[in-house]
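So the structure is just underneath, and the comments pick up after that.
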2 protein chains.
Amino acid sequence: MIDFKELLKEHGIAPSIQRIKILEFLEKNRIHPTADMVYQALVQEIPTLSKTTVYNTLKAFTEKGVLVALSLFENEVRYEYNTEPHIHFKCIKCGKIYDISKAFECLNNKEIEGHKVLEHHVNLKGICKNCRD
Amino acid sequence: MIDFKELLKEHGIAPSIQRIKILEFLEKNRIHPTADMVYQALVQEIPTLSKTTVYNTLKAFTEKGVLVALSLFENEVRYEYNTEPHIHFKCIKCGKIYDISKAFECLNNKEIEGHKVLEHHVNLKGICKNCRD
DNA sequence: TATCTAACTTGTAATGGTTACAAATATGTA
DNA sequence: TACATATTTGTAACCATTACAAGTTAGATA
Ligand SMILES: [Mn+2]
Ligand SMILES: [Mn+2]
Ligand SMILES: [Zn+2]
Ligand SMILES: [Zn+2]
């Protein structure tokens with residue numbers, strides 16, 4: 001059982017009830033949810049919850065390294081608890097997003113961990129040769 | 001000199017003035033522009049141009065395989081003429097997006113074609129093992 | 001050439017995810 | 001308790017994109 005209050009303190013985040021519940025939800029539900037999905041799930045427990053709080057909290061968690069923000073195939077931003085580098089696989093039929101733990105070499109495959117790969121999306125981010133130094 | 005009118009016909013797209021100009025712009029300006037960037041550039045030539053036409057045209061071109069739509073790091077969709085599979089590198093300082101023609105094995109590198117790589121974004125799309133057959 | 005029809009373009013309004021902002025509330029300390 | 005600060009809330013604004021209906025164009029036909 002993870003002590004989410006302590007975990008937030010360690011990251012320099014004051015552990016409010018809302019923040020603890022949001023982090024707990026992300027840890028227990030590895031579904032790469034959108035901010036709205038987090039809100040819809042938690043507003044039942046916390047009827048006074050504001051969507052703005054969810055957005056602000058997820059952004060703060062990301063900045064402090066507690067969560068990772070993903071830019072997947074659609075324009076919604078999704079969040080996940082797993083901060084280890086890994087590959088995402090999205091099913092075009094059911095919409096589920098699977099974590100792929102294999103190394104990047106797998107990109108040459110048309111099939112990976114039982115999934116049929118139709119599209120590869122590879123994006124890098126950094127500082128270009130013109131902007132270095 | 002590419003015959004854009006002919007190219008559109010070959011893809012089953014009626015070659016209107018707007019469509020030819022949009023395709024021509026994408027071929028000549030390899031800057032991975034947004035729909036709005038295309039609109040801003042062409043509305044000077046075609047003052048009556050509608051942004052809806054740009055959106056509709058880019059979507060049609062993508063569906064017919066004339067262009068490729070990208071989901072990069074931000075939520076804007078960008079489009080490009082190059083339909084060959086390749087990797088994108090975005091500079092976090094100047095915002096430019098570079099095409100990387102090297103194969104996917106490069107992902108193990110921290111530096112590629114002179115650019116300093118800080119983040120790798122790898123996303124796959126297809127049909128998951130539960131949805132096959 | 002004139003007419004017709006379907007396709008294409010345009011402009012405006014609506015949508016949906018996200019952010020800005022100010023007021024209300026809660027928290028921790030003196 | 002009283003105060004200062006941090007947090008939460010609700011509303012409005014933002015912006016890329018889409019829906020929709022009306023206007024325009026262009027190719028086919030007579
Ligand atoms: Mn993941
Ligand atoms: Mn490219
Ligand atoms: Zn740069
Ligand atoms: Zn599936």
Side-chain angles (χ1 to χ4, degrees), chain A residues 4-6 8-9 11-25 31-64 66-67 69-80 95 97, chain B residues 4-6 8-9 11-25 31-64 66-67 69-80 95 97:
Chain A
F4 295 107
K5 184 181 275 189
E6 211 41 55
L8 287 176
K9 282 185 189 166
H11 283 84
I13 300 169
S16 72
I17 292 162
Q18 290 87 343
R19 289 172 177 172
I20 292 171
K21 287 289 183 188
I22 290 171
L23 181 56
E24 188 181 6
F25 180 81
I31 57 175
H32 309 81
T34 64
D36 190 66
M37 288 163 74
V38 175
Y39 170 78
Q40 295 300 340
L42 291 182
V43 74
Q44 312 208 20
E45 252 188 287
I46 314 168
T48 62
L49 182 65
S50 166
K51 205 175 276 188
T52 301
T53 298
V54 177
Y55 275 104
N56 290 341
T57 300
L58 292 172
K59 180 179 284 184
F61 285 3
T62 300
E63 284 166 3
K64 301 280 185 174
V66 181
L67 298 179
L70 310 173
S71 292
L72 291 176
F73 311 100
E74 289 136 311
N75 19 12
E76 301 171 312
V77 179
R78 288 165 177 260
Y79 297 86
E80 69 173 352
I97 298 168
Chain B
F4 295 108
K5 186 181 274 190
E6 211 41 54
L8 287 176
K9 281 183 189 167
H11 284 83
I13 300 169
S16 71
I17 292 161
Q18 291 87 345
R19 288 173 178 171
I20 292 171
K21 287 288 184 190
I22 290 171
L23 181 55
E24 189 182 6
F25 179 82
I31 57 177
H32 309 81
T34 63
D36 190 66
M37 289 163 75
V38 175
Y39 170 77
Q40 295 300 339
L42 292 182
V43 75
Q44 313 208 19
E45 254 188 285
I46 313 169
T48 60
L49 183 64
S50 166
K51 204 176 277 188
T52 301
T53 298
V54 177
Y55 275 105
N56 289 342
T57 301
L58 292 172
K59 180 178 284 186
F61 284 3
T62 301
E63 284 166 2
K64 301 282 185 173
V66 181
L67 299 179
L70 310 171
S71 292
L72 291 176
F73 312 101
E74 289 135 312
N75 21 12
E76 299 171 313
V77 178
R78 289 166 176 259
Y79 296 87
E80 71 171 355
I97 297 169

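Each chain gets a letter, A, B and so on, in the order its sequence line appears, and its residues count up from 1. FYI, side chains are in, hydrogens and waters are out, and symmetry mates aren't considered; it's all heavy atoms of this structure.
What separates CD1 of B:Ile20 from P of D:dT25 is a distance of 16 Å, to the nearest Å. B:Tyr39 has its OH atom 10 Å from the C1' atom of C:dG11, to the nearest Å. Between A:Leu49 atom CG and D:dT8 atom P there is a gap of 9 Å when expressed in whole angstrom units. With rounding to whole Å, B:Leu42 atom CG is found 14 Å from C:dT9 atom C1'. Rounding to whole angstrom units, CG of residue B:Leu58 and P of C:dC8 are separated by 15 Å. Going from atom NZ of A:Lys51 over to atom P of D:dC14 covers 19 Å, rounded to whole Å. D:dA16 atom P lies 12 Å from atom CE of B:Met37, rounded to whole Å. Rounded to an integer number of Å, the gap from CD1 of A:Ile46 to C1' of D:dT8 is 11 Å.
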## Note on the structure
Scoring nucleotides 21-30 of chain C by protein non-hydrogen atoms under 4.0 Å (B base, S sugar-phosphate only, - none) yields B---------

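Under the rule for a salt bridge (charged side-chain N to carboxylate O under 4.0 Å, His left out), the partners of A:Glu45 that lie at least two apart in sequence or sit in another chain are A:Lys21. Checked against side-chain contact (heavy atoms from CB on, under 4.5 Å), A:Thr57 has the following partners two or more places apart in sequence or in another chain: A:Arg19, A:Ile22, A:Thr53, A:Phe61. In this view, A:Lys9 and A:Lys5, A:Glu6, A:Pro15 satisfy the side-chain contact (heavy atoms from CB on, under 4.5 Å) rule, not counting sequence neighbours. Take A:Lys51 and apply the side chain to side chain donor-acceptor pair (under 3.5 Å) test, not counting sequence neighbours, and it matches A:Asp36.
Closest contact between the side chain of A:Ser50 and the listed nucleotides D:dG10, C:dC8, C:dT18 involves D:dG10. Closest to the side chain of A:Arg19, out of C:dG11, D:dT7, C:dT9, is D:dT7. Of the listed nucleotides (C:dT19, D:dT9, C:dC8), C:dT19 has the atom at the smallest distance from the side chain of A:Tyr55. Looking at the side chain of A:Gln18, the nearest of the listed nucleotides D:dT8, C:dT9, C:dT10 is D:dT8. Nearest to the side chain of B:Thr57, among C:dT9, C:dT19, C:dG11, sits C:dT9.
Within a 6.0 Å sphere centred on CD1 of B:Ile46, other residues, nucleotides and ligands contribute more than 12 heavy atoms.
Remark: B:Thr53 is in phosphate contact with C:dT10, judged by side-chain N or O atoms under 4.0 Å from OP1 or OP2. The shortest distance between the side-chain N/O atoms of B:Lys59 and the OP1/OP2 oxygens of D:dT18 is below 4.0 Å.
Between B:Pro47 and B:Ala14, the one whose closest nucleotide on DNA chain C sits nearer the 5' end is B:Ala14.
Residues A:Tyr39 and A:Ser50 share a closest heavy-atom pair of CE1-C, 3.9 Å.
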### Message
side chain to side chain contact (heavy atoms under 4.5 Å, CB included), that's the test. Do A:Leu67 and A:Leu23 meet it? Break it down for me.
### Response
CA-CA 9 Å; A:Leu67 298 179; A:Leu23 181 56; 4.2 Å; yes

